[in-house]
Amino acid sequence: MTSGRGVWITLEGGDGSGKTTQSDLLASRLTDAGRTVVRTREPGGSAVGQLIRDIVLHHRGDIAPRAEALLYAADRAHHVATVVRPALARGEVVLQDRYLDSSVAYQGAGRVLDATEIRDLSLWAAEGALPDLTILLDLDPAAARVRLDSADKPFDRLEAEQAEFHGRVRDGYLALAAAEPERFLVLDAAASADEIADRIRTRVDSLLAAC
Ligand code: TYD
């Protein structure tokens, strides 16, 4: 991202792809190396965002697809302006669970809205901000469902969608990564957590060395 001196890393992937585990591992490693790490997420990385998160994930009943896209974009606009940009300006590492690629994959591919329009909406909301690195944990939705079932937690609105929806989300992510290979690191989320963490470490180390 051009507006700050910090480094911005986002994690993406379907539900159950293991983002939290990898984010935990990377955060402790960077903190041990003396970096100040801001961990955040979308939706819900700000106080306003928490309210929006509650609507998009837990509202009982339908939300029109375009309204859903706008809610995620509103969360993003506030989050980037009040959390991400200030942290980058302070020279910190922002480690973020989900960003605009989630909107293109879930609202674009998943809800079958126009991917370019969804991306443009988010770019407008975030005044063009793009991460330095996006780690995509790619997993077959059937394998992800087994993980989610074994976690024994109630599904949110998106997790509760059908297999076809999650298949489209995965394809949407892979198309994004193919279009921007320099920003994306795509990893097989079926590999062991240690293997994935090693690959992330190598890439993040070279990113930090270049900054
Ligand atoms: P969350 O509990 O944060 O899930 P995860 O641990 O999988 O990140 O839920 C976020 C949900 O919101 C997830 O199902 C993906 C969805 N989502 C969108 O549909 N569009 C978006 O722009 C974002 C950021 C998330």
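All values derive from a computational prediction rather than experimental measurement.
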N-O pairing of [X] and [Y] below 4.0 Å:
{"X": "Glu68", "Y": "Arg157", "result": "yes"}
{"X": "Glu42", "Y": "Arg76", "result": "yes"}
{"X": "Arg29", "Y": "Asp32", "result": "no"}
{"X": "Glu161", "Y": "Arg111", "result": "yes"}
{"X": "Arg119", "Y": "Asp114", "result": "no"}
{"X": "Asp75", "Y": "Arg53", "result": "no"}
{"X": "Arg183", "Y": "Asp132", "result": "no"}

Glu127, CD: over 12 other non-hydrogen atoms inside 6.0 angstrom: no
Ring pair (Phe, Tyr, Trp, His ring centres under 6.0 Å) partners for Tyr72, two or more places apart: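 Expected list: none.
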Shortest non-hydrogen contact from Arg203 toward Phe184: NH1-O, 3.9 Å
Main-chain N/O of Gly16 paired with Arg147 side-chain donor or acceptor, under 3.5 Å: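 Such a contact is found between Arg147 side chain and Gly16 backbone.
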Side-chain donor or acceptor of Ser28 paired with backbone N/O of Asp24 under 3.5 Å: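 Flag set: sc Ser28 to bb Asp24 pair under 3.5 Å.
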Residue that, paired with Val186, satisfies side chain to side chain contact (heavy atoms under 4.5 Å, CB included) out of Ile135, Thr134, Asp138: Asp138
Distance-only donor-acceptor check, side chains Ser46 and Thr82, under 3.5 Å: no
Hphob cluster co-occupancy, Leu26 + Leu208, side-chain heavy atoms under 4.5 angstrom: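 Yes, one cluster joins them.
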